[in-house]
Amino acid sequence: MNELLAILTLVSLIALAVALLRLRRAKAKLRETSELWKVRSELDLRQAREERDRLLDALGDAFLLVDGEGNIRFANRAARDLFGGRAIVNRPVGEAFLDRRLAEALLKSLETGQALQSRVVLPQQTSLRGDLETRGFNAWIIDAAPLRDSPEAKPFTRVVIRDVTDEHQLEQIRKDFVANASHELRTPLAIINGYLENLLDDGLIDDSPMARRFLTIMRKHSDRISRIVEDMLMISRLESGEAGALKLEPFRFRSCIHDVLERLESLIQQKQAEVVIVMPDDTLLINGDRFYWTQVLFNLVENALKQNLHKGLRIEIGCARDEEHVRIWVADNGVGIPSADLPHIFRRFYRVEKHHSQQEIKGTGLGLSIVKRAIEAHGGTVRVTSTPGRDTRFHIDLPASVAV
Ligand code: ADP
């Protein structure tokens with residue numbers, strides 16, 4: 001009996017030991033599995049974060065996350081670039097934004113908990129842009145809004161900073177254009193009105209020689225208004241880029257030069273200018289809009305004639321092609337363009353101050369603007385170099401494909 005009890009006790013003890021062993025193994029396995037889960041979920045979290053950062057870095061706009069205390073907690077690549085690589089994460093907004101005006105919109109949104117958008121325009125310290133009609137300003141839109149589903153007591157705020165400098169500059173150019181155009185039109189209109197007043201109110205209409213003189217002056221100024229309006233329309237057609245603005249057809253460049261010289265014949269005679277054509281390939285055909293090319297050459301040659309009053313003026317019109325380019329140039333040995341004016345010369349309404357010819361023949365100031373836009377519409381570029389008194393040269397470069 002005792003033996004049986006002893007055996008039973010032994011069996012129970014063995015069973016208990018096996019159960020304990022199993023339990024320990026199960027515990028160890030559980031620990032192992034939970035470790036694995038922890039590592040895996042940390043890995044997933046890290047991957048999700050990296051994925052988010054990659055996506056936010058791909059954004060062209062600067063993106064910031066700001067916590068409820070006003071500290072920057074995340075900045076994407078565009079934001080880091082905007083701050084010139086300075087360390088901004090974990091720093092208060094007020095410290096990170098060196099210019100108070102940039103921080104203001106954001107701080108207001110943090111204070112009020114409201115979404116806010118504001119536009120900030122600041123003068124450029126240094127302009128790297130050498131574009132046409134560049135104004136020295138940078139412009140941004142700051143868009144801040146609290147994250148409503150933020151788990152924190154004080155919600156995070158997301159901030160998008162969009163660089164709208166290009167749009168701002170375009171807007172500025174449009175405003176300037178309207179202001180300049182109004183100014184240019186106002187002068188001849190005021191003159192015409194003045195003479196009309198003389199004729200009608202002061203009774204000079206009955207004095208026929210005087211009336212004829214006044215009417216002649218009025219016609220000159222109304223012609224000027226028409227020229228300005230025509231030029232503005234041409235620029236607007238070229239700028240609109242609308243299909244059909246250019247009618248492309250192959251034409252002989254030489255004959256285009258001849259047309260222009262024929263139209264300017266009397267001015268060439270009057271100035272006793274020598275005009276030389278340098279064109280190794282006389283039969284060169286250009287695939288382009290002949291109307292605009294005539295306009296380009298006319299404006300360039302007319303300028304050379306208009307701006308130069310002295311004897312011995314020599315104008316060269318040239319065209320040559322190689323494997324990659326078709327080069328066209330118009331050069332003269334006249335007064336030239338001062339180097340300070342060269343970067344602005346293609347701007348609308350820009351004229352070199354105190355060019356002595358301007359008392360005599362006042363252009364619209366739109367000629368070179370038309371030249372530049374017409375050449376660009378043909379896929380080319382134009383630039384100017386000038387050594388006053390020796391060589392003022394407009395260089396036009398076109399892709400070889402325009403030559404037929
Ligand atoms: P404008 O109608 O006054 O001729 P443009 O746009 O054609 O206007 O030219 C702008 C200015 O550039 C001119 O007013 C003139 O001062 C200068 N300019 C252009 N071409 C020449 C040149 N060949 N020689 C000297 N000055 C020039």
Side-chain angles (χ1 to χ4, degrees), residues 131-133 173 176-177 180-181 183-185 187-188 220-221 223-236 238-239 257 260-261 263-264 267-268 270-278 292-318 328-377 381-396:
D131 314 342
L132 275 181
E133 291 155 289
I173 290 168
D176 284 357
F177 185 46
N180 283 330
H183 175 78
E184 292 289 333
L185 291 170
T187 314
K220 199 176 102 195
H221 288 282
D223 283 350
R224 182 169 166 71
I225 293 176
S226 306
R227 267 207 325 273
I228 294 175
V229 172
E230 281 305 317
D231 281 359
M232 288 195 323
L233 284 174
M234 200 179 298
I235 290 181
S236 123
L238 284 168
E239 280 187 346
I257 299 177
V260 169
L261 294 182
R263 277 170 61 191
L264 287 166
L267 195 56
I268 295 170
Q270 191 191 321
K271 299 274 172 161
Q272 297 176 5
E274 180 195 357
V275 182
V276 183
I277 301 174
V278 180
Y292 285 113
W293 278 111
T294 311
Q295 197 68 41
V296 166
L297 290 179
F298 184 91
N299 288 355
L300 294 177
V301 179
E302 193 200 29
N303 271 347
L305 290 163
K306 271 193 323 186
Q307 303 299 336
N308 294 296
L309 305 174
H310 68 280
K311 291 239 157 51
L313 178 69
R314 183 179 186 275
I315 300 174
E316 184 179 301
I317 309 170
I328 298 168
W329 63 94
V330 175
D332 68 71
N333 60 347
V335 286
I337 303 166
S339 55
D341 295 291
L342 286 177
H344 313 292
I345 206 77
F346 292 103
R347 278 193 195 176
R348 290 178 285 204
F349 298 113
Y350 190 88
R351 297 189 194 93
V352 175
E353 292 256 335
K354 300 197 190 76
H355 248 177
H356 34 82
S357 66
Q358 271 165 21
Q359 253 49 39
E360 283 205 346
I361 309 153
K362 199 168 182 235
T364 60
L366 293 170
L368 289 181
S369 244
I370 293 175
V371 166
K372 185 174 167 69
R373 280 161 180 82
I375 291 167
E376 285 174 355
T381 57
V382 58
R383 64 194 169 86
V384 59
T385 51
S386 180
T387 311
R390 287 188 34 209
D391 188 75
T392 296
R393 191 170 288 260
F394 288 85
H395 312 255
I396 300 168

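Computed from a prediction, not measured in an experiment: that's the story for all the values here. Start at 1 and go down the list; that is how both ligands and their atoms are numbered. Along the sequence shown, residues are numbered consecutively beginning with 1.
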Would R351 and E184 count as a salt bridge (charged side-chain N to carboxylate O under 4.0 Å, His left out) if you check the C-alpha gap in whole Å, the side-chain angles of each, and the deciding distance to 0.1 Å?
CA-CA 12 Å; R351 297 189 194 93; E184 292 289 333; 3.1 Å; yes

Who gets closest to atom 12 (O) of ligand 1 by heavy atom: I345, V371, L300?
I345

At their closest point, which heavy atom of P338 faces which heavy atom of V352, and how far apart are they?
CD-CG1, 3.9 Å

Strictly under 4.0 Å, does any heavy atom of G365 approach an atom of ligand 1?
yes

Considering the heavy atoms of A304, write down every atom of ligand 1 situated less than 4.0 Å from one of them.
23 (N)

If the contact criterion is a heavy-atom separation under 4.0 Å, does K306 count as touching ligand 1?
yes

Which of these, A331, G334, G336, has its nearest heavy atom closest to atom 25 (C) of ligand 1?
G336

With R383 as the cation and F394 as the aromatic partner, state whether NZ or CZ is under 6.0 Å from the six-membered ring centre and within 45° of the axis.
no

Test L366 against F349 for side chain to side chain contact (heavy atoms under 4.5 Å, CB included), laying out the working first.
CA-CA 5 Å; L366 293 170; F349 298 113; 3.9 Å; yes

Per-atom contacts of ligand 1 with Y350, taking only distances under 4.0 Å to non-hydrogen atoms
10 (C), 11 (C)

Under a 4.0 angstrom heavy-atom cut-off, which atoms of ligand 1 come close to R351?
3 (O), 14 (O)

Return yes or no for this condition: an N or O of T392 is under 3.5 Å from an N or O of ligand 1.
no

So CD1 of I370 and CE of M232: to nearest 0.5 Å the spacing works out to 10.5 Å

Is ligand 1 under 4.0 Å from a heavy atom in the side chain of D332, in the backbone, in both, or in neither?
side chain

Looking at every heavy atom in both S369 and R347, which two are closest together, and how far apart are they?
OG-C, 3.7 Å

With atoms numbered from 1 as shown, which atoms in ligand 1 lie under 4.0 angstrom from a non-hydrogen atom of V352?
16 (O), 17 (C)

Using 30° and 60° as the class boundaries, would you call the ring planes of Y350 and H344 parallel, tilted or perpendicular?
tilted

With distance as the sole test, does K271 use its side chain to make a donor-acceptor pair with the main-chain N or O of N308 at under 3.5 Å?
yes

Less than 3.5 Å between some nitrogen or oxygen of L368 and one of ligand 1, yes or no?
yes

